[in-house]
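Data block below; observations after.
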Amino acid sequence: MAPQSQEPTPHERVRDIIAGVPAGRVATYGDVAAIAGLRSPRQVGWILREDGSDLPWHRILRADGTAAPQLRTEQLQLLRTEGVLAQGQKVSLRRYRWDPDG
DNA sequence: GGTGTGACGTCGA
DNA sequence: TTCGACGCCACAC
């Protein structure tokens with residue numbers, strides 16, 4: 001048996017994880033998916049698209065530091081206000097990547 | 001019920 | 001380094 005009522009759904013975990021990313025830091029879809037227990041990072045994108053309006057979605061980037069074309073402009077603009085500067089259309093994950101362990 | 005789509009990741013050339 | 005193709009899972013129609 002699996003008493004799901006004792007555990008948050010992956011959907012809620014994703015929201016909680018993203019909400020826990022501090023300003024000035026960024027995370028990747030793959031990281032969020034792994035922490036949330038999801039098997040596919042696409043689910044993170046899907047959740048954000050449907051229910052991410054009240055989350056710091058701009059702190060979530062692809063594995064290479066880029067964002068989706070239709071969001072890239074606003075994404076980088078919001079990050080810039082938090083002190084995250086991008087080189088062209090790519091953010092230096094090595095510099096801004098959020099480490100949940102530290 | 002099956003099909004198409006998507007805010008992704010990884011591998012090979 | 002860049003590009004294309006495939007895999008992956010949940011949701012809308």
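Lettering follows sequence order; numbering is per chain, from 1.
In this structure, A:Gln70 reaches the sugar-phosphate backbone alone: every heavy-atom distance under 4.0 Å involves primed, P, OP1 or OP2 atoms, never a base.
If you measure from atom CH2 of A:Trp57 to atom C1' of B:dC8, you get 16 Å, rounded to the nearest angstrom. As rounded to whole Å, 14 Å separates atom P of B:dC8 from atom CG of A:Asp31. Distance CD (A:Gln87) to P (C:dT1): 14 Å, rounded to an integer number of Å. Rounded to a whole Å, the CD1 atom of A:Ile18 is 15 Å from the P atom of B:dA7. Per the geometry, OH belonging to A:Tyr29 stands 11 Å off C1' belonging to B:dG6, to the nearest Å. One interatomic measurement links the two molecules: CZ of A:Arg49 to P of B:dT5, which rounds to 12 Å at whole-angstrom precision. B:dG6 atom C1' lies 10 Å from atom CD of A:Glu50, rounded to whole Å. Distance, A:Arg42 CZ to B:dA7 C1': 10 Å, rounded to whole Å.
Contact annotation: A:Arg39 reaches the phosphate of C:dC9 (side-chain N/O to OP1 or OP2, under 4.0 Å). Distances shorter than 4.0 Å separate some side-chain N or O of A:Arg62 from OP1 or OP2 on B:dC8. Using a 4.0 Å cut-off, no side-chain N or O of A:Gln43 falls inside it from OP1 or OP2 of C:dC8.
The side chain of A:Pro41 sits closest to B:dG9 out of B:dA7, C:dC9, B:dG9. Of the listed nucleotides (B:dA7, C:dC11, B:dT10), B:dT10 has the atom at the smallest distance from the side chain of A:Ala63.
Judged purely by distance below 3.5 Å, without hydrogens or angles, the side chains of A:Gln77 and A:His58 never pair a donor atom with an acceptor atom.
Counting heavy-atom neighbours within 6.0 Å of A:Gln70 CD, excluding the residue itself, gives a total above 12.
Ion pair A:Arg15/A:Asp54 flagged as a salt bridge, since at least one NZ, NE, NH1 or NH2 atom sits closer than 4.0 Å to an Asp/Glu carboxylate oxygen.
Put simply, the side chain of A:Ser92 never gets that close to the backbone of A:Arg95: no donor and acceptor are under 3.5 Å apart.
Residues A:Trp98 and A:Leu78 fall within the same hydrophobic cluster, defined by Ile, Leu, Val, Met, Phe, Trp and Tyr side chains chained together at heavy-atom separations under 4.5 Å.
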